[in-house]
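Here the structure comes first, spelled out in structure tokens, and everything after it is commentary.
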Amino acid sequence: MDYFKRKKIKDILYNNISREEYQDIVVLGWVRTKRVSKNIAFIELNDGSTLHNLQIVFLESEKFPLDNISTGTSLRVKGYLEESEGREQSLELKAEELTIIGDAPADYLLQKKRHSFEFLREIAHLRPRTNTFGVINRFRSKLANVIHSYFQSRGFYYIHSPIITTSDAEGAGDLFQVTTLDLNNLPLSEDGSVDYSSDFFGVKAGLTVSGQLEAEVLATALGDVYTFGPTFRAENSNTSRHASEFWMVEPEMAFCELDEMMDIIEDFLKYLFRYSLEEAKEEMAFFNKWIDNERIKILEDIISADFERITYTEAVKILEKADAEFEYPVKWGIDLQSEHERYLTEKHFKKPIMVTDYPKEIKAFYMRLNDDDKTVRAVDCLVPKVGEIIGGSQREERHDILLKRMKDMQMDIDNYQWFLDLRKYGTVPHSGFGLGFDRILMYISGMSNIRDVIPFPRTPGNARF
Ligand code: 4AD
Ligand code: MG
């Protein structure tokens, strides 16, 4: 199939091939458009390596089998490269041989007209071939790669936390259950509850909501670690920023306190923004033109300013004084709703903010208790439009205080003995956070629905494809 011989269109258009190779070029790709006039024809060919198409020129066009070619047809073309006259500093391929690999009949849905994002979600198997979803998927790959680079170059080890787990890290009860029991014939204990001893793992198991607890295990052995993988939440929130399966980056640092971690968060996010502006120019130019005209400026402004850092208590004071009608009334102790988060970051500060020291009642069991006995060393990073992109905390490293809190929350202590052991043997202050990968993609691209930055989104009522 000339897999190794062919040139990728990205390399041709970005001048990554030498002049000696110009005479003998093979490309493989899909037709975007075809234009035929007397004696000459043009095809815009896309091979997925870049947003941009290669122009193929057919001189003496009647010699080529062009009639059966339409949008979506897959082709092999052999020819030679020449500077294109029409376009500045660009190359076009003068065709010598044309092979049709696969037809695309006229009912192919991706003709030239623009489709709505809602419609494209219905054809998630074809939408990667559109400009927008090509760009999104290439950018997803690049951003994932650069996240690894950030941590690897700073001495963090990439660890794999389990997907199947018996602990609910966030304690929110959002676990998807994993079982091989016959749901039509469940084994029951004497009290009528399901008897899991005959289930596959011998206990009730589920899909992980977070790799954090296992990351703490590795951090208290290797120092600095991070996970980067899929996480699952059976929360019934049908919003534009919740998915039931999403990817999370979870760094965990031993000997690190909350303020130090906030410096890492800010440095990390700015690194991703800088990378996007400097190294993913094709994608950023596309987002800025087609998705949100402010994107490049917003990212540039963020890089050059400090993130705002405030406590939850200060945030509540701002909200109480705010000149805005909130659906959920504000008072100290409430969980901040997305309308409150948006007010703070979009209206009040107009930039990313980090809110710390939330009431312990609304946060997870593992967060470090402050001396006031009321708040914990939590941090949420909020950004305009998307809201929360990062949640994290300094961890409770004092054995007895953690144990008391777990008991107060009526957790099954036996099941978390291993987690308590980390505090029993050589405990250290440590901190970590989780970045929602899909949400940072939304933020950088300006895409407004999480369903459009994940190739195959899973949301309540939808697991198609
Ligand atoms: O705030 P969360 O629930 O924190 C944790 O899971 C901690 N264990 C992280 C840690 O400290 N290691 O989730 C972290 C981030 C959120 O800020 C959000 O960006 C993203 O994960 N997230 C979701 N993204 C998409 N869909 C959902 N349903 C999400 N839930 C959380
Ligand atoms: Mg959170």
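As the structure lists them, so they are numbered: ligands from 1, and atoms in each ligand from 1.
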Nearest protein heavy-atom contact for [atom]: which residue, which atom, what distance?
atom                    : answer
atom 9 (C) of ligand 1  : Glu250 OE2, 3.3 Å
atom 26 (N) of ligand 1 : Ala243 N, 3.0 Å
atom 28 (N) of ligand 1 : Glu235 OE2, 2.8 Å
atom 3 (O) of ligand 1  : Arg233 NH1, 2.8 Å
atom 15 (C) of ligand 1 : Gly434 O, 3.5 Å
atom 20 (C) of ligand 1 : Gly436 CA, 3.6 Å
atom 17 (O) of ligand 1 : Glu388 OE2, 2.6 Å
atom 21 (O) of ligand 1 : Met248 SD, 3.5 Å

Identify whether the distance between the nearest side-chain nitrogen and carboxylate oxygen of [X] and [Y] falls below 4.0 Å.
X      : Y      : result
Arg309 : Asp259 : no
Glu346 : Arg342 : yes
Lys360 : Asp372 : no
Asp11  : Lys8   : no

Answer yes or no: is there a donor N or O on one side and an acceptor on the other, between the side chain of [X] and the main chain of [Y], under 3.5 Å?
X      : Y      : answer
Ser49  : Lys10  : yes
Asn137 : Phe133 : yes
Asn46  : Leu51  : yes

Under 3.5 Å between some N or O of ligand 1 and some N or O of [X]?
X      : value
Ile450 : no
Leu435 : no
Ile389 : yes
Glu170 : yes
Gln212 : yes

Nearest heavy-atom neighbours spanning [X] and [Y]:
X      : Y      : answer
Gly333 : Ile362 : O-CG2, 3.6 Å
Gln152 : Tyr226 : NE2-OH, 2.9 Å
Ile334 : Tyr312 : O-OH, 2.6 Å
Ala205 : Phe201 : CB-CD1, 3.8 Å
Phe326 : Glu339 : CA-OE1, 3.3 Å

Under 4.0 Å from a heavy atom of [X]: which atoms of ligand 1 are those, numbered in the order shown and with their elements?
X      : answer
Ser210 : 6 (O), 8 (N)
Gly432 : 11 (O)
Gly392 : 11 (O)
Tyr366 : 7 (C), 8 (N)
Gly391 : 1 (O), 9 (C), 10 (C), 11 (O), 17 (O)

| said: Angle between ring planes, Phe268 versus Tyr150, binned at 30° and 60°: parallel, tilted or perpendicular? | reply: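 Geometry flag for Tyr150 against Phe268: tilted rings.
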
| task | State the atom name: nearest N, O or S atom of Glu388 to the Mg ion (ligand 2). | result |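 For Glu388, the N, O or S atom at the smallest distance from the Mg ion (ligand 2) is OE2.
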
| said: Could you work out, for atom 11 (O) of ligand 1, the closest of Arg458, Arg241, Arg395 by heavy-atom distance? | reply: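 Of the listed residues, Arg395 has the closest heavy atom.
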
| query | Does Ile390 have a non-hydrogen atom less than 4.0 Å from ligand 1? | reply |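 A heavy atom of Ile390 does come that close to ligand 1.
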
What part of [X], side chain from CB on, backbone N/CA/C/O, both or neither, has a heavy atom under 4.0 Å from ligand 1?
X      : result
Phe246 : side chain
Arg439 : side chain
Trp247 : neither

| field | Arg464 to Phe456 six-membered ring, cation-pi geometry met (6.0 Å, 45°) | value |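 Arg464 over Phe456 ring: no.
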
| request: Return yes when at least one N/O/S atom of Glu170 is nearer than 2.8 Å to the Mg ion (ligand 2), and no when none is. | output: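 For Glu170, the answer is no, given that no N, O or S atom comes within less than 2.8 Å of the Mg ion (ligand 2).
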
| So, do Lys204 and Leu175 sit near enough that their side-chain heavy atoms are less than 4.5 Å apart? |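 No; the side chains remain at least 4.5 Å from each other.
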
